[in-house]
Amino acid sequence: MGMRRNLCFTLLVLSVLVLSASLALANTLELDKDPELKSCRRQCKEEFKDRQKKMCLQKCEDDYRQKRREKQNRECQVKCGEMYDEGGQQWQVCRMTCQNNYMNEINEPGSDQGQEWEGGQEEEEEEDENPYVFESHHFLSKVKTEHGRILSIPKFDRRSKLLRGIRRYRVAILQVNPETVLTPTHLDATSVFFVSSGQGTINVIHEDRRDSFKLEKGVLLRLRAGTTFSIVNHRQRDKLNIIQLLRSVNNAGLFEPFFLAAGSNPESFFTTFSSEILEAAFKTSKGELQRLFSRREQGQGVFVKASKEQIRALSDRKEGGGIWPFGSQSRGTHRLFKQPPTQCNNFGQLYEADRNVYPPLEDEDLSISYANISQDAMIGPYYNAEATKIAVVTDGDGYFEMACPHVSKSSDDEQQQQEGRSGVTYHKIRSAIKTGSVFIVPAGHPVVTVASNRGNLEIVCFEVNAKHNVRYMLSGKKNVVTKMNREEKELTFDAKREEVDRVFGKQDEELFFQGPKWRQQPGQGRAYE
Ligand SMILES: *[C@@H]1O[C@H](CO)[C@@H](O)[C@H](O)[C@H]1NC(C)=O
């Protein structure tokens, strides 16, 4: 009997060991595919350099490894439940073996490194063929909880030298889930909010008073750096989505939210102070402070689900500062869609806000436009004289084409110029875009954006360096060529003026045109290509 039992145990222990080893192997194979680890690593590469980057990468790997060990342990325990009767002796031994393996691995960090990280380490930043477009996999998450998210696209000058001109800016997306509050926060960046969908209220604590503003699609709000704000989504179903253009005040392109709220993920900035400091600052006891600042449970962070009554109270805008021009000049919001479009035809509408209709934009040297391109239609070709356009697709899909004088491998660019590469060639940047895509159009670069045949394509554009900007049309009414005199036309194209006029004078719409698909005649192939 004793012999048999021992044998059983030995077999049991062996089988658990084999089991956890095979789980480990399976996990190793999954490793390079793990999206969270990938995104963590990308974040390190884009945010940091040298030693900091190394430390950041190391932390990603450590966190990942710990999570994987925990998962392995859980899976091992589950297997015990499947193999043996719950509560029985064999079940207990099995579970203990799982636990021991887990503890051994924790105490011997590095024992599971070896082969599995080699692939990961070699992964290097791929050369960017098209640094002008950011898709969802480029987004970094600052805060991610079940009630809301703050995402941002990487620093522009990290992505490519070609984007150095806008390195002080950053695009972030703020998403507040239904019946949820983003608790008071401030940023070390000036920000311009554009509500792309949903409804809610933003409460703003200014130096001398508190203001409340209604948020709905098309609302613009400039908040100066350091202003404390909170946001309420009072809807039962819809998320509240806000696109933010941030301009850093500390380090170009870096921004951080500072959360006042108590919580542990992320934590309140208050809790980093020593308790004797807080006791003195608040003239209160350590116990009371601890109770206040550690009330919220793990995982609950800055986004907090609120009761119906709380939501109602927080959405009460009676004391509100009002909407520009009725509120204080530099503090109100501006509703982009409350004014008629500045350009409008069958193929689309353009809404624009500049410093004349919303004065805070003057401080930011910014103008904002919203293009609603009809299904199968297009906007452009045109170029901006001085402004760089940071565009975010809010709805629909399609593509854009841009003429770029820079070679695709941005890092070679200067070298080639120094080597005296003669002549200028234009590279065609063409890219599909869809809801959530961000794309950049530098000043002077001719661009066209085309909506798909599935529906309208809606894009919000932040134009930086806007003060002296002019939009120059390259086709349609008012295009630059029609304003040239005869000699210019003939010399430019080496053709008769009439011929030039026939081409440049035919399109009689402005800015928005019928898209290319409609030019496709059976048997004639594509009109352009
Ligand atoms: C864009 O145009 C479509 C169709 O004309 C319309 O339904 C939609 O409301 C427009 N979007 C905005 C933001 O005006």
Side-chain angles (χ1 to χ4, degrees), residues 171-176 178 192-202 213-222 231 233-235 237-245 323-324 332-354 356-358 361 366-380 382 389-400 432-439 441 447-463 466 471 476-477 507-518:
V171 174
I173 311 284
L174 175 61
Q175 201 171 64
V176 188
V192 174
F193 287 53
F194 175 83
V195 181
S196 63
S197 70
Q199 278 184 7
T201 300
I202 184 166
F213 304 108
K214 181 181 177 188
L215 298 179
E216 62 182 0
K217 186 171 173 172
V219 164
L220 280 174
L221 173 65
R222 191 279 308 265
I231 294 178
N233 177 358
H234 62 249
R235 305 277 290 190
R237 294 225 177 88
D238 311 316
K239 287 185 176 170
L240 173 63
N241 285 299
I242 296 171
I243 298 167
Q244 286 174 286
L245 184 74
I323 289 160
W324 158 258
T333 56
H334 175 76
R335 288 198 259 175
L336 195 57
F337 302 137
K338 279 289 174 252
Q339 288 178 344
T342 48
Q343 295 267 354
C344 179
N345 63 22
N346 282 340
F347 307 109
Q349 303 111 40
L350 187 74
Y351 296 87
E352 290 177 283
D354 60 11
N356 297 318
V357 298
Y358 187 47
L361 294 180
L366 193 68
S367 73
I368 295 188
S369 62
Y370 193 94
N372 189 357
I373 311 166
S374 305
Q375 178 174 352
D376 276 325
M378 65 186 199
I379 181 169
Y382 69 87
K389 184 208 279 284
I390 301 170
V392 186
V393 179
T394 57
D395 201 15
D397 64 343
Y399 65 95
F400 82 101
I433 46 176
K434 58 175 190 293
T435 309
S437 305
V438 178
F439 63 100
V441 183
V447 65
V448 182
T449 309
V450 185
S452 78
N453 59 3
R454 284 175 286 273
N456 281 31
L457 175 59
E458 301 189 23
I459 302 172
V460 62
C461 302
F462 299 89
E463 274 152 16
R471 190 188 306 117
K477 261 198 290 196
Q507 175 61 267
D508 52 8
E509 296 288 350
E510 196 179 335
L511 191 62
F512 292 99
F513 310 113
Q514 207 158 57
K517 181 180 163 269
W518 296 93

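Start at 1 and go down the list; that is how both ligands and their atoms are numbered. Any value given below was found using the heavy atoms of this structure, including those in side chains, with hydrogens, waters and symmetry copies removed.
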Could you list which atoms of ligand 1 come closer than 4.0 Å to a heavy atom of [X]?
X      : answer
Asn372 : 1 (C), 2 (O), 3 (C), 8 (C), 10 (C), 11 (N), 12 (C), 14 (O)
Phe337 : 13 (C)
Tyr370 : 13 (C)

Heavy-atom proximity to atom 5 (O) of ligand 1 ranks first, among Leu336, Asn456, Asp395, Asn346, for Asn456

Determine the interplanar angle of the Phe400 and Phe439 rings, folded into 0 to 90°, and report it as parallel if under 30°, tilted if 30 to 60°, perpendicular if over 60°. parallel

Would you please classify the geometry between the Tyr351 ring and the Tyr370 ring as parallel, tilted or perpendicular, with 30° and 60° separating the classes? perpendicular

To the nearest 0.1 Å, how far is atom 13 (C) of ligand 1 from its closest protein heavy atom, and which atom is that? Glu458 OE1, 3.4 Å

So, do Thr449 and Ile459 sit near enough that their side-chain heavy atoms are less than 4.5 Å apart? yes

Are Asn456 and Ile373 side-chain neighbours, meaning at least one heavy-atom pair lies under 4.5 Å? no

Tell me whether atom 7 (O) of ligand 1 lies less than 4.0 Å from at least one protein heavy-atom position. no

Within the structure, does at least one protein heavy atom fall under 4.0 Å of atom 11 (N) of ligand 1? yes

Using side-chain hydrogen bond (donor to acceptor under 3.5 Å, both in side chains), reason through Asn372 and Gln349 one step at a time and then give a plain yes or no. CA-CA 5 Å; Asn372 189 357; Gln349 303 111 40; 3.3 Å; yes

More than 12 heavy atoms from other groups under 6.0 Å of NZ on Lys217: yes

